[in-house]
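This report refers to the structure that appears directly beneath it.
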Amino acid sequence: MNKTLLAALLAGSLTGCASAPGPAAIANDEHWTQVGVFDVRKGSFEFKKNNNDMPLATIIARDRSMGRTHFYRMGVTAEDCGKGMGKLVEWDLDGKLIESYDYVRDGGNNGSALADSICGVAEKFANNQRNVPDIQSAPPTEATSGF
């Protein structure tokens, strides 16, 4: 998927659009947007802090593969977003760590596509809402709307 198109799709969700225009490959509905094999819950984007007190950009994701539906919170630290590589972390909805995955910006796999999307929304939010040059400068909040 074109990175500019994906950024436009995700940026549109920051402004409260119910759905953004896009190719047929992107399945949007009232509550979810497809990013790779993941469905991302609209309005679930938040800045949080991890156990090391580092800013973390997170979303709620849904996996409907193998005949079952699973929900997760997934996120990337602001530092890793700034570096363009690091860990995409997955927790259950109670905050218990499930797994972490290596990612590289534009890595060409589903995890990298999701991490790129999370970082792109975080950067846009930081630049638009807080008027700062990059997401590493944005103070985390508990409930930040977006995605």
Side-chain angles (χ1 to χ4, degrees), residues 1 3 5-20 22 25-130 132 134-147:
M1 176 184 310
K3 185 176 178 182
L5 175 63
L6 183 58
L9 170 69
L10 297 173
S13 68
L14 284 174
T15 61
C17 296
S19 63
I26 301 173
N28 291 312
D29 70 21
E30 183 179 348
H31 303 289
W32 299 91
T33 297
Q34 186 174 353
V35 178
V37 298
F38 301 99
D39 296 327
V40 176
R41 176 76 178 180
K42 293 178 181 179
S44 70
F45 179 81
E46 292 182 298
F47 280 114
K48 294 183 170 281
K49 288 189 178 184
N50 68 10
N51 292 338
N52 297 326
D53 212 31
M54 295 178 67
L56 185 68
T58 71
I59 52 92
I60 293 176
R62 173 176 72 180
D63 176 6
R64 296 186 290 170
S65 64
M66 299 189 294
R68 297 182 70 187
T69 301
H70 298 276
F71 298 97
Y72 310 98
R73 180 161 295 278
M74 300 185 83
V76 181
T77 65
E79 179 180 8
D80 286 351
C81 284
K83 290 189 305 189
M85 67 177 135
K87 298 286 184 186
L88 172 66
V89 183
E90 177 181 354
W91 303 267
D92 68 17
L93 295 181
D94 292 325
K96 180 180 176 187
L97 178 66
I98 295 173
E99 186 73 60
S100 65
Y101 309 93
D102 290 333
Y103 91 92
V104 175
R105 183 179 296 132
D106 300 318
N109 62 0
N110 288 312
S112 291
L114 184 58
D116 288 346
S117 300
I118 293 168
C119 292
V121 171
E123 184 175 356
K124 288 235 181 250
F125 182 84
N127 289 338
N128 292 337
Q129 299 296 322
R130 298 216 167 61
V132 294
D134 59 53
I135 79 166
Q136 293 184 35
S137 305
T141 62
E142 283 305 310
T144 305
S145 66
F147 230 106

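For this chain, numbers begin at 1 and follow the sequence in order.
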Using 0.5 Å steps for rounding, measure from the CZ atom of R68 to the CE atom of M66. 8.5 Å
Looking at D80 and V76, what are the two nearest heavy atoms and their distance? CB-CG1, 3.8 Å
So, R105 side chain and C81 main chain: donor-acceptor pair closer than 3.5 Å or not? yes
E46 CD to T58 OG1 distance, which is reported to the nearest 0.5 Å: 5.0 Å
List the residues meeting side-chain hydrogen bond (donor to acceptor under 3.5 Å, both in side chains) with D63, not counting sequence neighbours, and say none if there are none. S65
When you measure from the side chain of S112 to the backbone N and O of V104, does any donor-acceptor pair fall under 3.5 Å? yes
Minimal heavy-atom distance between R73 and L93, with the atoms involved, is N-CD2, 4.1 Å
Please identify each residue that fulfils side-chain hydrogen bond (donor to acceptor under 3.5 Å, both in side chains) with D102, with sequence neighbours left out. K87
Measure across I118 and M74 and return the closest heavy-atom pair with its distance rounded to 0.1 Å. CD1-O, 4.0 Å
Does the Q34 side chain pair with the main chain of G36, one donor and one acceptor, at a distance under 3.5 Å? yes
Can you name the nearest heavy-atom pair linking D106 to D116, along with the distance? N-OD2, 2.9 Å
Scanning both residues in full, the closest heavy-atom pair of W32 with I60 reads CZ3-O, 4.1 Å
Residues A57 and F45: closest non-hydrogen pair is CB-CE1, 3.8 Å
I need the full list of side chain to side chain donor-acceptor pair (under 3.5 Å) pairs touching residues 89-100, with sequence neighbours left out, sorted by first then second residue. E90-Y101
